[in-house]
Amino acid sequence: MPYRIIVALSQRMLHLLEGNRVIRSYPIAIGKILTQSPVGEYRIVNKVPHPGGPFGVFWMGLSRPHYGIHGTNNPASIGHAVSHGCIRMYNEDVLSLARLVPIGTRVTIRP
């Protein structure tokens, strides 16, 4: 897999790497104190356009059930710790990312 994703929770940024080089970085919203985003190594297991509701225009499910990287119907939330643990992105950013990364892409979530 040429691409991998690193989610830096403390920076509230998602970095897309090609090899070991960061090629894109996106601002994100992360889990709030009671529902923190899970630190660890995961993979993208599914991709769903137009999931509806609070998930914005696109959902990419992680290998940890019930967690994913998705868009939002509340763009003002980006940059904040407000989700139930998912990684939330601007809709245009999640579409850009989803076009590049295939199912199976490695996702590292770190503090």
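Index from 1, following the sequence.
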Would you name the heavy atoms of [X] and [Y] that are closest together and state the gap between them?
X: Y90; Y: P75; result: CE2-O, 3.5 Å
X: V39; Y: P111; result: CG1-CD, 3.9 Å
X: P38; Y: R64; result: CB-NH1, 3.3 Å
X: P51; Y: G56; result: CD-O, 3.5 Å

With rounding to the nearest 0.5 Å, note down the distance linking [atom1] in [X] to [atom2] in [Y].
X: I44; Y: I5; atom1: CD1; atom2: CD1; result: 4.0 Å
X: Y26; Y: E92; atom1: OH; atom2: CD; result: 10.5 Å
X: I28; Y: I69; atom1: CD1; atom2: CD1; result: 8.5 Å

- request: Go through the steps to decide whether V45 and L62 satisfy the test side-chain contact (heavy atoms from CB on, under 4.5 Å), and finish with yes or no.
  value: CA-CA 6 Å; V45 296; L62 297 179; 5.9 Å; no

message: Classify the ring geometry of H70 against F55: parallel below 30°, tilted from 30° to 60°, perpendicular beyond 60°.
response: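 Perpendicular.
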
Between the side chain of [X] and the main-chain N/O of [Y], is any donor-acceptor distance below 3.5 Å?
X: K47; Y: W59; answer: no
X: S37; Y: I30; answer: no
X: R43; Y: G104; answer: yes
X: N46; Y: G61; answer: yes

Linked, directly or transitively: [X] and [Y] (ILVMFWY side chains, under 4.5 Å):
X: I23; Y: V7; value: yes
X: L95; Y: M89; value: yes
X: I87; Y: V22; value: no

For the residue pair [X] and [Y], establish whether any side-chain heavy-atom pair is separated by less than 4.5 Å.
X: M60; Y: V94; answer: yes
X: Y3; Y: L17; answer: no
X: L97; Y: L16; answer: yes

- request: Among residues two or more places apart or on two chains, list those pairs meeting side chain to side chain donor-acceptor pair (under 3.5 Å) that have a residue in residues 73-85.
  value: S77-R88

Where at least one partner belongs to residues 6-16, residue pairs that pass side chain to side chain donor-acceptor pair (under 3.5 Å), sequence neighbours excluded: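 Counting only pairs at least two positions apart or across chains, the side chain to side chain donor-acceptor pair (under 3.5 Å) contacts touching residues 6-16 are Q11-H15, H15-S25.
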
message: Between T108 and Y42, does the side chain to side chain donor-acceptor pair (under 3.5 Å) criterion hold? Intermediate values first, please.
response: CA-CA 6 Å; T108 302; Y42 308 101; over 6 Å; no

message: M13 vs I6, test: side-chain contact (heavy atoms from CB on, under 4.5 Å). Steps then yes/no.
response: CA-CA 8 Å; M13 293 294 288; I6 294 179; over 6 Å; no

